[in-house]
Number of protein chains: 2
Amino acid sequence: MLKPDTDSTGPVAGRDHSMRVERKSLTLRERAADVIRQAIIDHRLPPGKHLKERELCEMLGVSRTSVREALRHLESEHLIETVAHRGPVVVSLSIEDAKELYQVRSSLEGLAGELFARHATDEHIRNLRKTAEEMADAVARDHSEATLIEIIERFYEVLLDGSQSKVCAQFIRSLNTRISMFRRVGLNDAERRSGMMNDIDEIVRAAEERNAGALKQACIRHVERAGAIVMQQLNG
Amino acid sequence: MLKPDTDSTGPVAGRDHSMRVERKSLTLRERAADVIRQAIIDHRLPPGKHLKERELCEMLGVSRTSVREALRHLESEHLIETVAHRGPVVVSLSIEDAKELYQVRSSLEGLAGELFARHATDEHIRNLRKTAEEMADAVARDHSEATLIEIIERFYEVLLDGSQSKVCAQFIRSLNTRISMFRRVGLNDAERRSGMMNDIDEIVRAAEERNAGALKQACIRHVERAGAIVMQQLNG
DNA sequence: AACTCTTTTTTGTATGACAAACATATCATA
DNA sequence: TATGATATGTTTGTCATACAAAAAAGAGTT
């Protein structure tokens, strides 16, 4: 049931340094979309599940109007597929899809890296290192996968923020939403964690040198490796 | 006013060799979205224009329900921006946006090229050449910009089709929709047309050699040049 | 011109309605 | 039994209507 508007969905603390007042009283339909999206991402609404409007209405406590508008949104995010007169179905991703998603992500993150090297402020670079260190720390202390993922997400936000390309960031975020449908697998054994820290280290170093070519390659390789791990899990 | 359902939006002839029955009776909201999208692309609804729901309803002859669902779709395509309680506004693209869009497109089309070289069938390659020849022909006979654009679009469709990556194709199409908001400029003088034909030629040749690296670079360069032209127009 | 108050417009959301498409259960027949 | 036809119930697609809250536009005052 959606609560009035607790503004719990506010901007992530301390990332936006501008003075703009966040006009963020999300509409009901947006919050509905958020809730459904999250449910899809963590498989509470599993792939292939046929979503019925009435059920969603009850589940969310909002009217069909809002639910349907939310569904249109998720539809263009490719999280659901709608067949006329049959209603929306949670997408199921094939191995082939996973491969394609990672290929595209790799390409785009290469671009993001390149742009970061060229456009990021010194503060962005410091932030990148700081977040990388938090990550190393979390790995060293053997924190949970969830914690790690949260830090990784912050790392990417710094990267995207510093690359100063709204368009690039939009696309990568959209990709990541889709990818997170099967990213649940991957970061539990020590070897992989240290492999990842290697990648991250490479990225931070290239960033500090502002070496666009190197950073681009580091980002590409990082995604390729992450993709390879996921593909392996999906196959095995 | 939207007419019943003429199915004029059928599948492009002879590209799908599978036996699936195309289940394609578009819903009203989808057709509404199509009409609005096209109006935005060719500036009949100019950038910055504040869209009022009632006006759209009358203009399209459909109910608010359908219009609003269509708007949600255009919203996630980044063709309009909605501020709560103010309604949707047609996006206006800054020069910076244009630059970013072309950068991303360049990166993605590089990927598409690479994948084409690796995955396309021989028929795809033949089609690519055939379309390129039509293009050369249209240039030689000095056809209209509209004709040329139509052929170029077909060329891209072949490229995307052959690259066999649904995801990549989705993203590039989405980009192109946005870009076409200012692509109206660009292909009228002879020098540019011959420049473009050079690019195309390079692409076709690399494709025929199935040289992934070369094709990737050719695609990247092509988009970069196209972008440079647009940027020039926007600046001057 | 700048400010406040009022009126009008527009959006966000809910509800009820109904035809058409779909799914399911029921029954008839080869 | 398997097949096909029919009736029944669901769900979607679309519309109309309603109303509170937000925003815009006007009106009047200082």
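In what follows, every heavy atom counts, from backbone to side chain, and hydrogens, waters and symmetry copies are set aside. Below, read A as the first sequence line, B as the second, and so on, with proteins coming before strands; counting in each chain starts at 1.
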Query raised in the report: How would nucleotides 8-15 of chain D be written as a contact map, 5' to 3', with B for base contact, S for sugar-phosphate-only contact and - for no contact, using protein heavy atoms under 4.0 Å?
Result: ---SBBBB
Report task. Mind checking side chain to side chain contact (heavy atoms under 4.5 Å, CB included) for A:H78 and listing every partner two or more places apart, or none if nothing turns up? Result -> A:R178, B:Q170
Report summary line: Residues passing the salt bridge (charged side-chain N to carboxylate O under 4.0 Å, His left out) test with A:E150, sequence neighbours excluded, are A:R154
**Report entry** Those residues that, when tested against B:Q38, pass side chain to side chain donor-acceptor pair (under 3.5 Å) (two or more places apart)
**Finding:** B:D42
Query raised in the report: Quick one: side chain to side chain contact (heavy atoms under 4.5 Å, CB included) partners of A:P46, sequence neighbours excluded?
Result: A:K49
Query raised in the report: By salt bridge (charged side-chain N to carboxylate O under 4.0 Å, His left out), which residues pair with A:R173, not counting sequence neighbours?
Result: A:E157
Report summary line: Taken to the nearest whole Å, CD/B:E81 to P/C:dT11 is 16 Å
